[in-house]
*Asks:* 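This is the structure I want to talk about, given as structure tokens.
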Amino acid sequence: MLDSYTQGVGNADLHIDHYDLDLDYRIGPNRLSARAVLKGRVLTDTSSIVLDLTGLRVTKASVNGKKVRFSARGKKLRLTTPVLKSNQPVVIDISYTGNPEPAIGTWGDIGWEELEDGVLVAGQPVGASTWFPCNDHPSNKSQYRISVLVESEYTVVSNGSLTKKTRKAGRTRWTYESSTPLATYLATVQIGRYKYGQIPLSSGATRFGAAMLGAAKDAVAGSARDALSSAARGVASAAGKDVSVHDSSGRRTTHSRTESSVPLGVYADDHWDVAVERLGIQHGMMNLFIERFGPYPFDVYDVVVTDDVLEIPLESQPLSVLGPNHLGPEWEAERLVAHEMAHQWFGNSLTPSRWRDIWLNEGFACYAEWLWSEESGRASADERARQWWDDLSAQPQDIMLGDPGGPDMFDDRVYKRGALCLHALRLELGDEDFFAAVAEWTKRYRHSSVSTEEFIRCVSDVAERDIAEVVRPWLEELELPPLK
């Protein structure tokens with residue numbers, strides 16, 4: 001079994017290096033005709049190749065240029081091959097068709113999903129197989145070429161760079177290529193009547209409104225003293241180009257609000273105006289995260305704003321997908337914008353090699369929310385941490401951060417306890433060593449699959465001390481550890 005968290009999914013005896021996907025999709029009838037060419041190698045002697053494929057019908061298949069017999073059972077596709085030796089290269093060519101739909105299971109509806117007028121793909125954790133045959137596990141990161149033919153009034157957004165766009169007879173083929181490897185759950189196709197543009201830096205008025213409304217929200221939840229402090233920071237944030245924030249020890253530092261060096265783009269339709277206005281805050285987020293986490297790991301960052309309301313936003317590589325309900329000035333909306341951007345470092349560039357280490361994705365993305373809260377003039381990261389420690393201490397103590405179990409790996413307590421673990425480590429090491437360690441973490445394992453053990457070794461190297469016992473109670477104990 002490759003991963004007990006996603007039983008029956010993925011193949012430990014196969015590694016795919018490159019996916020070449022040609023999709024012909026009819027939006028009205030939701031009809032997909034496609035061809036997938038997978039290049040990789042088998043990792044053991046075998047006479048069959050097993051892939052993940054859900055709800056679609058294979059019409060023909062070949063391996064290394066020779067037709068092979070195939071059979072589908074459940075969510076698995078088996079190709080019967082001549083004997084293949086360990087580490088032997090394979091080229092797998094599969095034609096398939098059907099009406100793609102989400103897979104319904106433990107984590108809700110995941111995969112290919114029809115919108116009111118378009119398509120959304122939400123692949124985490126095992127939804128990739130709803131639209132292409134794959135080795136659906138985050139430990140197998142691959143390069144991609146994704147080409148999609150649709151009606152010309154629609155825009156297709158996918159991973160990597162748009163390398164070709166051709167129109168013929170009322171239909172347009174969009175071809176994207178990603179030379180940077182990505183996990184299958186991050187592979188995506190978004191289709192809608194979108195237009196594209198660069199996001200300008202937000203106006204001071206927008207920052208003022210966001211900060212003051214955020215402070216007001218905090219005032220409802222916190223004490224009068226905290227509310228006054230938050231409001232004061234909000235005024236300072238909105239009044240000019242710079243904002244004063246606190247480090248973990250309470251010292252004030254100042255950050256300049258300037259346009260991001262990373263191109264920030266948006267795809268939107270009905271909600272174009274509000275998207276362009278509200279997402280200007282991403283310039284500040286990007287600048288902050290580069291400072292705290294190290295260089296941005298991709299060339300661009302785009303956001304797709306659907307016309308449909310979405311329950312949760314979605315991360316992909318190098319883009320995120322938001323609903324119009326995530327564009328408000330309130331903290332609960334804005335924190336999710338920061339959260340999804342942070343996943344470009346934590347989850348996308350650094351991808352867990354096993355799902356039990358999901359806290360390395362979600363803990364860091366949640367902590368990024370708290371860092372942005374402080375930067376934008378709301379509650380400091382320390383205030384957020386203590387607020388959430390109080391909240392979690394009143395909840396059931398029945399989840400282990402370092403091994404939450406498959407059904408609970410997306411439980412909000414994993415997100416918050418992960419962020420608290422990081423804050424506890426920051427308090428122990430101090431800002432200089434903590435953020436130096438985070439920058440080394442994102443540099444050392446850039447575009448790789450990672451584990452908790454590797455994180456502990458990396459931070460210990462930078463701090464020049466073993467930090468295992470600092471994080472062990474947070475990772476291995478059910479009871480919430482104290483926060484000093």
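Any value given below was found using the heavy atoms of this structure, including those in side chains, with hydrogens, waters and symmetry copies removed. Starting from 1, each residue takes its place in the sequence as its number.
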*Asks:* Are the side chains of Tyr144 and Glu177 in contact, using a 4.5 Å heavy-atom criterion?
*Replies:*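 Result no, sub-4.5 Å side-chain heavy-atom pair not found.
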*Asks:* Does any part of the side chain of Asp52, heavy atoms only, come nearer than 4.5 Å to the side chain of Lys75, both counted from C-beta?
*Replies:*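 The answer is no, as the side chains (C-beta and beyond) never meet within the 4.5 Å cut-off.
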*Asks:* Could you tell me which non-hydrogen atom of Thr258 sits nearest to which non-hydrogen atom of Asn287, and how far apart they are?
*Replies:*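 Reported closest heavy-atom pair: O-ND2, 2.6 Å.
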*Asks:* Do Thr80 and Val68 have side-chain heavy atoms sitting under 4.5 Å apart?
*Replies:*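 Side chain of Thr80 against side chain of Val68, heavy atoms only: no contact under 4.5 Å found.
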*Asks:* Quick check on Arg173: does its CZ atom have over 12 non-hydrogen neighbours (other residues, nucleotides or ligands) under 6.0 Å away?
*Replies:*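 It does: Arg173 CZ has more than 12 such atoms within range.
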*Asks:* Could you go through residues 260-270 and list every donor-acceptor pair under 3.5 Å that involves a side-chain atom there, pairing it with any protein atom two or more places apart or in another chain?
*Replies:*
residue, atom, partner, partner atom, Å
Ser260, OG, Val262, N, 2.9
Ser260, OG, Val262, O, 3.2

*Asks:* If we ignore angles and hydrogens, is there a donor and acceptor under 3.5 Å between the side chains of Thr184 and Asp136?
*Replies:*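 A pair is found: one side chain offers a donor N or O, the other an acceptor, under 3.5 Å apart.
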*Asks:* Residues in side chain to side chain donor-acceptor pair (under 3.5 Å) with Lys141, at least two apart?
*Replies:*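 If we apply the side chain to side chain donor-acceptor pair (under 3.5 Å) test to Lys141, skipping adjacent residues, the hits are Thr351.
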*Asks:* Quick one: side chains of residues 111-133, donor-acceptor pairs under 3.5 Å with protein atoms, not counting sequence neighbours, listed by atom name and distance.
*Replies:*
residue, atom, partner, partner atom, Å
Glu114, OE2, Asn30, ND2, 3.4
Asp117, OD1, Tyr154, OH, 2.5
Asp117, OD2, Arg193, NE, 2.4
Ser129, OG, Thr54, OG1, 2.8
Thr130, OG1, Trp112, N, 2.9
Thr130, OG1, Gly127, O, 2.7

*Asks:* Hey, can you tell me if Tyr185 and Trp355 have their rings parallel, tilted or perpendicular (30° and 60° cut-offs)?
*Replies:*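 Aromatic pair Tyr185/Trp355 classed tilted.
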*Asks:* Please report the shortest heavy-atom distance between Pro313 and Glu340, naming the atom on each side.
*Replies:*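 What the structure gives for the nearest pair is CG-OE2, 3.5 Å.
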*Asks:* Got Val90 and Leu84 here, is their nearest side-chain heavy-atom distance under 4.5 Å?
*Replies:*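 A side-chain contact exists here, since the closest heavy-atom pair is under 4.5 Å.
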*Asks:* With sequence neighbours excluded, tell me which residues meet side chain to side chain donor-acceptor pair (under 3.5 Å) with Ser349.
*Replies:*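 So Ser349 forms no side chain to side chain donor-acceptor pair (under 3.5 Å) with any residue.
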*Asks:* With no hydrogens and no angle check, just 3.5 Å: does a side-chain donor-acceptor pair link Gln190 and Thr188?
*Replies:*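 Per modelled atom types, Gln190 and Thr188 side chains form a pair under 3.5 Å.
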*Asks:* Would you kindly say whether Tyr367 and His423 are connected by a side-chain donor-acceptor distance under 3.5 Å?
*Replies:*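 Present: a donor and an acceptor within the cut-off.
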*Asks:* If I compare all heavy atoms of Arg384 with all of Ser373, which pair ends up nearest, and what's the gap?
*Replies:*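 Shortest heavy-atom contact: NE-OG, 2.9 Å.
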*Asks:* Side chains of Asn135 and Asn11: any donor to acceptor distance under 3.5 Å?
*Replies:*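 No, no side-chain donor-acceptor pair sits under 3.5 Å.
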*Asks:* Do the non-hydrogen side-chain atoms of Leu319 and Phe298 ever get within less than 4.5 Å of each other?
*Replies:*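 Not in contact.
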*Asks:* For Asp408 and Tyr5, does a side-chain donor sit closer than 3.5 Å to a side-chain acceptor?
*Replies:*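 The answer is no; no qualifying pair exists.
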*Asks:* Between Ser48 and Arg78, is there a side-chain donor-acceptor contact under 3.5 Å, judged purely by atom types and distance?
*Replies:*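 Yes, side-chain donor-acceptor contact under 3.5 Å.
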*Asks:* How far apart are the closest heavy atoms of Val305 and Ala275, and which atoms are they?
*Replies:*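 So the two residues come closest at CG2-CB, 4.0 Å.
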*Asks:* Under the ring-ring contact (aromatic ring centres under 6.0 Å, His included) rule, collect the residues that match up with His339, sequence neighbours excluded.
*Replies:*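 With sequence neighbours excluded, His339 shows a ring-ring contact (aromatic ring centres under 6.0 Å, His included) to His343, Tyr415, given in chain and number order.
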*Asks:* Strictly by modelled atom types, are Tyr196 and Gln198 linked by a side-chain donor-acceptor pair under 3.5 Å?
*Replies:*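 Yes - a donor-acceptor pair under 3.5 Å links their side chains.
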*Asks:* Quick one: side-chain contact (heavy atoms from CB on, under 4.5 Å) partners of Ser95, sequence neighbours excluded?
*Replies:*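 Ser95 satisfies side-chain contact (heavy atoms from CB on, under 4.5 Å) with Arg35, Thr59, Lys60 only.
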*Asks:* Would you kindly check if the NZ (Lys) or CZ (Arg) of Arg292 is within the cone defined by 45 degrees around the ring axis of Trp441 and under 6.0 Å from the six-membered ring centre?
*Replies:*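 Negative - Arg292 is either too far from the ring of Trp441 or too far off its axis.
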*Asks:* Do Arg145 and Lys164 pass the side-chain contact (heavy atoms from CB on, under 4.5 Å) test, and can you show the C-alpha distance, the side-chain angles, and the key distance before you say yes or no?
*Replies:* CA-CA 11 Å; Arg145 173 189 170 274; Lys164 192 174 182 181; over 6 Å; no
*Asks:* Locate the shortest heavy-atom distance separating Arg354 from His137; write the atom from each residue and the value.
*Replies:*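 Here Arg354 and His137 meet closest at CA-CE1, 4.2 Å.
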*Asks:* Of all the heavy-atom pairs spanning Pro404 and Arg356, show the shortest one and how long it is.
*Replies:*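 Answer, listing the atom of Pro404 first, then Arg356: CD-O, 3.8 Å.
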*Asks:* Quick one about Asp357 and Thr452 (side-chain donor to acceptor, distance below 3.5 Å, no hydrogens or angles considered), yes or no?
*Replies:*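 Yes.
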*Asks:* Taking the side chain as everything from C-beta on, heavy atoms only, tell me whether Leu182 gets closer than 4.5 Å to Asn159.
*Replies:*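 Yes, their side chains come closer than 4.5 Å.
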*Asks:* Would you give the length of the straight line joining atom CG of Leu288 to atom CZ of Phe293, rounded to the nearest 0.5 angstrom?
*Replies:*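 Rounded to the nearest 0.5 Å, the CG-CZ separation comes to 7.0 Å.
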